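Because the structure is predicted, anything quoted here is derived from the model rather than measured. Residue numbering restarts at 1 for every chain, and letters A, B, ... go by the order of the sequence lines.
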Amino acid sequence: MIHTTFSILSGGLVAGAVYALLAMGLVLIYKATRIPNFAYGGMASFLAFFHYNLVTGRRVSLNLDLLYLHIHGGVTVHLSFWAALPVTLAAAALLGWFIERLIIRPFAKASMVTLIIVTLGLNLLLTAVAEQVFGTKDLVVSNAHAIFSRSPVLSLGGVNFTYERLGVVAIVVVLSAGVWAFFRFTATGLAIRAVATDRDVASLLGVSVRQLSVVSWVTGSMVAAVAGVALASIVISSNPGLLFVLSIKGFAAAIVGGMVSFPIAVAAGFGIGIGEELVRQTIVQHDTKLYTGAPEVLTLGAVIVVLALRPRWIFKGIRDDEDTGITGRGGGSELFLVRWIDPVEAYRLLRAAIPTTSPGLRRTTRGIRIGVVAGLALFAVTFPFLPLPAFWTLPANLTLIYLLVVLSFVVLVGWLGQISVAQGAFLAVGGAGVAVCANTLHLPFPLPILGGVLLSIPVSILIGLPALRLRGLHLVVATLAFGLAAERALLPRFSEGGVRVVLPTYMRSDRALYYFFLAVTVVAFVLAGRMKATRVGRSFFAIRDSETVASAYGIRPVRVKLTGFVVSGAIASLAGSMLTYQLGALNAGYGSVAFSIEWLAYSVVAGITSIAGPIIGALFFGLYPELAKSTVSASNISHIQEIFAAVLLIVIMAVNPEGLASMSRFVRSRASAHEDDDGASDAEDLAAIEAAATAERHLEELPLEADADGDIDAEEAALSGAPS
Amino acid sequence: MTGRPIISIAGVRLSFGGVAALDGVDLEVPEGQIVGIIGPNGAGKTTLFDCISGFRRPDSGSITLHGSPQGDVELTSRAPYERTALGIGRTFQNARLFKSMPIRDILRAVQHDRMKRSGFFRSVLGLGGSVLDEQEVTDRADEVLELVGLSAHGDKPAMELSTGMLRLCELAAVVAVRPRLLLLDEPSSGIAQKETEALGPLLRRLAEYLNATLLMIEHDMPLIMGISDTMIAMAGGRVITVGPPAEVREHPEVLTSYLGAKATA
Ligand SMILES: Nc1ncnc2c1ncn2[C@@H]1O[C@H](COP(=O)(O)OP(=O)(O)OP(=O)(O)O)[C@@H](O)[C@H]1O
Ligand SMILES: [Mg+2]
């Protein structure tokens, strides 16, 4: 009994210390900038890699193999642990400054959903850069390089406490006290508190919000360095994915503190750590297999429940995001490139060069579009008969599946304006449905696919429920919790035992399966297109743009949101069902949260609001890498593509949140917005009102009072005499 | 006050923290009239609209809608979309619409609730009358577009419109829902003076087209004096006086609170 207590305390305190540290950094940044930093795990991980590379003296290499461009280089630096620490902290400060300056600042006025997507993209970027530069996914810290000695310092109830564990807890306690004092007693700390309470008032009082943003990102990044270094040492073997998951628990703790309270966030961090350890040691040890993922499911589930109950203190400090959709003008105006290139000016020049309004040009662009679509369709249909190498079939089928994955994001994020990073879980749900229908219920071939889709409906509703009460940041954390629960608890159950599904003999030929998938995909796209153009689609857009206005016009947010979640989940699990047949078994890699975030990023880059987006996304980020994988040996895979996609994501969010697929529309709207600035708007207003006044003439069935008529005449006279 | 009331508001109170935004409002709005509400900034006018349309719930008091399809209905426990279905339409002080949608789509989207034959599957598959529904909704959208004179701009997204056009679009949207009681929150705010003068006749015509009661908040005195049948003056969360426009304007309390507040603003 005593043994258990101490053992829970030992493990729980250490895990809790790490969560508390992460929560602290998150709160620091959120408080000053109102940015939910989903890249925090990536930052911590990157800095930990950096640090232990210095400590172990491993070579840091820069290898670029892009088509004909080959750059190879590297450096080796070797320092002792404590000599490396200041270097790491300096690097952290630089990283924080760099991120704030180049990535965060352009989004000063962006919506919460945009900020979430951008920081998720940044996480992707840091992860990929770390893998590219440090050449490995996993960071292993040997005994010689641990932060403190791993030998036991004292033993309580038969449980050994090592220097390392106690040291890390001590660091967190000291750091928390330091941060607390910083906010209590320093001018900067007080200024950040003022900003957190009321930005407008704070800036009236002469507080520079800009400067505080820099300060908080730099300090936040240094806290991330400490957290990363300590954590990597404690868990011995870590990777960016693990740190991302841990940072989500940090988020959970921070949210319990309303994203602004340090003491509550730190306490909640310790609470989560101890709670998880409690679950692990009391439940999981009874039956490891049955209770896989139980600690995560329980803590994150608790967070969802807390969020759904909406206690006042949590929502006190949160900015009230009414319109969270990602469309519209993102943070464009403050893009860092503006210094050198004025996009508005560039578009104007572009517009002067290309007569966008000419009917001839419009015909040509439409001609090109039809040509491209027809070409793609022709290729898709004839492809199996083309003289291509046999390895093309797998990438081709996977491309069709990716098309559906992106479509599911388009429906949910682009059309409905909700954000979810649990889409990967639906691939798993689809796969699980197929496995159950085919192997347990013994249903004949196409039916298990339907089963997978049907199974997704209750799951969608479950995931959609938090969305009825939560927005933005809280919604992401809730869906992350679901995604992680599925990843930790559902996937191992289906993939480890090797649940296999078998295609009927008539489907085993590559061509038959390809055409079947093609047909299913085309039907899904046609129906999605129909939905977009009719009542259901319009209600999605209305909810995306403003729930308040939508309900003022009789649209029910609850019903519409659940419909959207169900449709999007059904599409994703359709993809999952197909994937399971394609691969012959459920593959854990496709069900992870990391997969969801990656594909969310790709979807945004390709065009999250357009039906053409999935095509671009699946071709660039699905087909191309799959082909590369089949041709290049696995050891040589470079992360340049991910890096490229992540950078593109951030730039696109800054320039045009609607993505590549709607660039042409964007150019046009920018051009016309510019005209408005020139004062054309007033003239247009007048013309419109005038038209309204004269339109009356044509509606003769309306009884008009004489005096009203007289008013209009006088009005018209005044208007026509007005200079325009 | 003459005529049957379309809505009765009795003893409505609502406070934010310590501030009483509505401090016991009693009001009956006569059916079929154009009723103007004036009052200084912070008088509680918008908050009153929020209570009627369901975006805020009064701390106490009752709001009853008369003569709806369901008879007399007590509104305070109903969601905003239910009130819309009962025939209450409103616009927002800051001209809010679905910013990324083209105008014509907005005007179709707002008729969402009228498309009784277009459930999810029927509308996606184009079956069972949903095509007819779409047609009707599109026709009505074109009709109201013409009514406010925006036919030429139907394909523009709302965010590309100027404030004046956005106001017109918002009017078109609320008219497309066919409410019996139309609440307009400062329809002239944000648009130029010249355009404001053309607004009066348009509003009058929209009310006639709908055969609706029009309750509007407005700061532009010539506009509201010109079209109101009855005027309500509010200040400090209370109704000061109700009556014909000329009388209300000369009411001593209105002169002091309203014009006084204006002068200091
Ligand atoms: N969300 C809110 N939180 C706190 N106080 C509020 C809120 N909304 C309104 N108030 C307060 O309630 C009072 C009434 O506000 P309301 O917006 O109804 O005024 P109004 O008559 O519409 O003024 P205006 O002419 O400026 O639109 C004001 O004192 C305002 O500060
Ligand atoms: Mg108001």
* Among B:A152, B:G119, B:A176, B:P80, who wins on heavy-atom pairs under 4.5 Å with chain A? ->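 It is B:P80.
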Side chain, backbone, both or neither: which part of [X] has a non-hydrogen atom closer than 4.5 Å to chain A?
| X | answer |
| --- | --- |
| B:V110 | both |
| B:F120 | both |
| B:L125 | both |
| B:L97 | both |
| B:A173 | both |
| B:S53 | neither |

* Side chain, backbone, both or neither: which part of A:A533 has a non-hydrogen atom closer than 4.5 Å to chain B? ->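 Looking at A:A533, just its backbone touches chain B.
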* Side chain / backbone / both / neither for A:V567 at chain B, heavy atoms under 4.5 Å ->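 A:V567 touches chain B through side-chain heavy atoms alone.
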Flag the pair [X] and [Y] as a salt bridge only when some basic side-chain nitrogen lies within less than 4.0 angstrom of an acidic carboxylate oxygen.
| X | Y | answer |
| --- | --- | --- |
| B:R117 | B:E134 | no |
| A:R535 | B:D133 | no |
| A:R556 | B:E82 | no |

* What closest approach, in Å, do B:A141 and B:R108 show between heavy atoms, and which atom pair accounts for it? ->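 That closest heavy-atom pairing would be CB-CG, 4.0 Å.
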* **B:E218 to B:P187 - nearest heavy-atom pair and separation** =>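 Result for this residue pair: OE1-CD, 3.2 Å.
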* Six-ring centre of B:F92, B:R90 cation under 6.0 angstrom, axis tolerance 45° ->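 Yes; both conditions hold, so B:R90 lies above the ring face of B:F92.
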